[in-house]
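Small disclaimer: the values here were computed from a predicted structure and weren't measured.
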Amino acid sequence: MWKRKTMKTRAIAQMKRSYSRMLSVCFLIAMLTTAYSVSTTFLNFQIPSEPSRTDAAYTFSIPNSEAILDTAGHFLEGTPLDGIFHGALYDVSSMVIDLFSTNISVFFTSLRTFNYVLHEDITSVLVFSAAGILFAFLYQIFISNLLLVGEKRFFLENRNYRQTPISKIFFLYRLRYIRRPAWIMFVRTLFQSLWNITVIGGIIKHYEYILIPYILAENPKISRKEAFFLSRQLMRRNKWKFFLLDLSFLGWKFLSLFTLGLLDLLFVNPYITACRAELYAILRRNYVLSRSPGYEALNDSYLEHVPSDDELLISKALYDDSQGPYTKISYFAPEQYPVFLFSVQPPLKAVRSPLRTERKYDLLTRLFLFLVFSIFGWILETLIRLINDGVFDVTGVLYGPWLPLYGIYGILILLLWKQNISKRPVLVFLLNFLLYSVLEYSANFIAELITGQTLRDYSEFFLNLNGRIYLGGSVTFALIGCAFLYYLAPRWSDRYMKLGHSKRILLCTVLYLLFSADVIFTVFFR
């Protein structure tokens, strides 16, 4: 038996112990996956009633609401419903769609492709549109779904281990155990989509499949049939109770809409996710204790039982390293799950020494990283545009595959955030937010003074400053800056240093010759 009040009390207790980490995990999931679409509305909310500026070198894709409503308007054109549709109904529908949808979606990418086909030459659209749909599909399978499993893992561990690291959301990637969980989550999404056609069946199956990510978080080795079977068994005679639990959060959800998702991000998401983790823990405990069919697959006893120091020492002495190496150097981290006892261990090639973020970079390495960051930025924005719109088009200052703004931003982070700052990720995130905001505002301001054009136009976004920066962009780049500092720069510099001194100089020389040629060509011939 389980009671809603008990689970909510335990969830609140979790939040009091580790609110900052729970908030950080839900924030990352909201930014990196297709979950929690309402939570990021305040960051990227656009005002469709304001006309777009045309004096910008780069503008963003149309909102989801315009993508779907323009398609509907095409079919209603010339009918008596056309005038009604483009009235108040259009504005209300736009807000609802943008609140409850995300750009990283196969559906909306396909819809934008359809709109392009209606207005553009089909031969120039189909290839890139197909690539955009494919990338959106792969992102959903291999990134979004796996991060959702990682989120469940964090919350399951955080119940008993107060120092569970935020990086736990990437645990499947660290284990190099991706294909099976990705396949099971894909099948879950496919079956759910098919059942949604029947409406009532979709609601029932939603609750029948809802524990699959938690089961995968506990045991990634489980087969597809076992995962679906256990989820059905655990939710047997519990669907209605789970539905009532969701209804109890409805007031928080409505209140969150009035803040454009800000309340969702700061409180509601961690609260609901912690409650659901508590529910799973109760259901699995009862199922295991009753020795119900297939209970052996729920094999992570350390989620419930926190081992003592003596138990850990004995376990280490008896550890069988034939199944894989340890995942960490520190096995007895205080108040953390004993990862070396997890049922899945990474392959030897996946075990690497910890990255040193506080390292010093020499001048040659910084010059190399400047162009690498610039190329990374071009690739990233190209993929985002391709996924969102099915268009291969990133209009930047230069012709070549680099966006210098990324390079300048990355190098400034490496120069400014010293060791005492880099050890505090939250502070690094806030400083990155401030740095990028100042940097992009200055770049747009200078470009407008010199050429009369802004490099990027954000005037349609709700929270923008003179159309030169907006909140969502600065938050996104703050996360990218953290990736630069903590992972990309150390990893890329390590590989660069392995080339040898002469090869490093040659590579830098070639890259800068190409970059300089692009700058000269842009200045004199564009």
Side-chain angles (χ1 to χ4, degrees), residues 56-58 60 357 359-385 394-418 421-422 427-451 453-458 464-493 496 504 507-523 526:
Y58 181 89
F60 281 80
T357 58
R359 69 180 67 188
K360 293 183 179 180
Y361 299 90
D362 58 33
L363 178 60
L364 190 61
T365 303
R366 288 173 183 167
L367 290 173
F368 169 74
L369 288 176
F370 167 77
L371 287 185
V372 172
F373 288 156
S374 301
I375 295 171
F376 170 82
W378 184 90
I379 294 173
L380 181 64
E381 296 207 2
T382 300
L383 287 176
I384 290 174
R385 192 70 186 270
V394 175
T395 305
V397 177
L398 303 174
Y399 284 103
W402 26 54
L403 294 176
L405 186 64
Y406 280 80
I408 296 171
Y409 175 56
I411 295 303
L412 285 176
I413 288 174
L414 299 182
L415 290 173
L416 296 176
W417 311 153
K418 302 300 182 183
I421 296 177
S422 64
L427 178 60
V428 168
F429 173 82
L430 295 175
L431 290 174
N432 287 348
F433 176 88
L434 180 62
L435 173 63
Y436 182 78
S437 299
V438 172
L439 188 62
E440 185 172 40
Y441 189 94
S442 302
N444 276 323
F445 180 75
I446 294 171
E448 198 166 2
L449 282 180
I450 297 174
T451 66
Q453 273 191 332
T454 55
L455 298 175
R456 298 166 185 255
D457 173 32
Y458 305 111
N464 76 84
L465 184 59
N466 297 329
R468 297 188 180 106
I469 57 173
Y470 82 107
L471 183 62
S474 296
V475 168
T476 300
F477 271 87
L479 289 175
I480 293 173
C482 291
F484 282 165
L485 179 64
Y486 293 114
Y487 184 79
L488 297 179
R491 187 67 71 196
W492 288 340
S493 64
Y496 181 61
R504 294 203 303 271
L507 179 59
C508 253
T509 302
V510 172
L511 287 175
Y512 271 92
L513 284 175
L514 294 172
F515 180 73
S516 301
D518 195 356
V519 171
I520 294 171
F521 187 81
T522 301
V523 171
R526 189 163 186 168

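The heavy-atom pair separating Ile411 from Arg366 by the smallest distance is CD1-O, 3.3 Å. For the pair Leu427 and Ile421, the tightest heavy-atom approach, listed with the atom from each and the gap, is CD2-CG2, 4.3 Å. Scanning all heavy atoms of the two residues, the minimum distance from Asn432 to Cys482 falls at ND2-N, 3.3 Å. Residues Gly481 and Ile413 come closest through the heavy atom pair CA-CD1, 3.5 Å. Nearest heavy-atom pair across Thr365 and Ser493 is CG2-CB, 3.8 Å.
For an aromatic pair to be called close, the ring centres must be under 6.0 Å apart, and Tyr409 with Phe373 fails this. Here Tyr496 and Phe368 bring their ring centres to under 6.0 angstrom of each other.
In this structure, Cys508 and Leu364 have side chains that are in contact, with non-hydrogen atoms separated by less than 4.5 Å. Under the 4.5 Å side-chain criterion, counting only non-hydrogen atoms from C-beta, Asn444 is in contact with Tyr458. Contact annotation: the side chain of Phe484 approaches that of Tyr406 to within less than 4.5 Å [non-hydrogen atoms, C-beta and beyond]. Looking at Leu514 and Trp402, their side chains come closer than 4.5 Å, going by heavy atoms from C-beta outward.
Here the CZ-OG1 distance, from Arg504 to Thr509, works out to 12.0 Å after rounding to the nearest 0.5 Å. With values rounded to the nearest 0.5 angstrom, Ser374 atom OG is found 10.5 Å from Leu511 atom CG. Note that the CG atom of Leu485 and the OH atom of Tyr487 stand 14.0 Å from one another [nearest 0.5 Å]. Considering CG of Leu414 and NZ of Lys360, their distance stands at 14.0 Å, rounded to 0.5 Å.
Partners of Ser442 by side-chain contact (heavy atoms from CB on, under 4.5 Å), not counting sequence neighbours, listed by chain and number: Val438. Scanning for side-chain contact (heavy atoms from CB on, under 4.5 Å) contacts around Ile408 gives Phe370, Leu412, Leu439, with sequence neighbours left out.
Proximity of a side-chain donor or acceptor of Tyr512 to a complementary backbone N or O of Leu367 within less than 3.5 Å is detected. Side-chain atoms of Tyr436 do not come within 3.5 Å of backbone N or O of Ile480 as any donor-acceptor pair. Within the 3.5 Å criterion, the main-chain N or O of Trp378 finds a donor-acceptor partner in the side chain of Thr382. The main-chain N or O of Gly400 is found under 3.5 Å from a side-chain atom of Asp518 such that the two form a donor-acceptor pair.
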Exercise for review: Show the numbers, then the answer: is there a side chain to side chain contact (heavy atoms under 4.5 Å, CB included) between Val428 and Tyr486?
Suggested key: CA-CA 10 Å; Val428 168; Tyr486 293 114; 3.2 Å; yes
* What's the verdict on side chain to side chain contact (heavy atoms under 4.5 Å, CB included) for Phe521 and Leu398, showing C-alpha distance, side-chain angles and the deciding distance? -> CA-CA 9 Å; Phe521 187 81; Leu398 303 174; over 6 Å; no
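Figure legend: Arg468 and Tyr441 shown as a cation-pi pair, the cationic atom lying under 6.0 angstrom from the six-membered ring centre and within 45 degrees of its axis.
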Pairs of donor and acceptor atoms involving the side chains of residues 472-479, under 3.5 Å and at least two apart or interchain, shall be tabulated with distances.
residue: Ser474; atom: OG; partner: Ser437; partner atom: OG; Å: 2.9
residue: Ser474; atom: OG; partner: Tyr470; partner atom: O; Å: 3.4
residue: Thr476; atom: OG1; partner: Gly472; partner atom: O; Å: 2.9

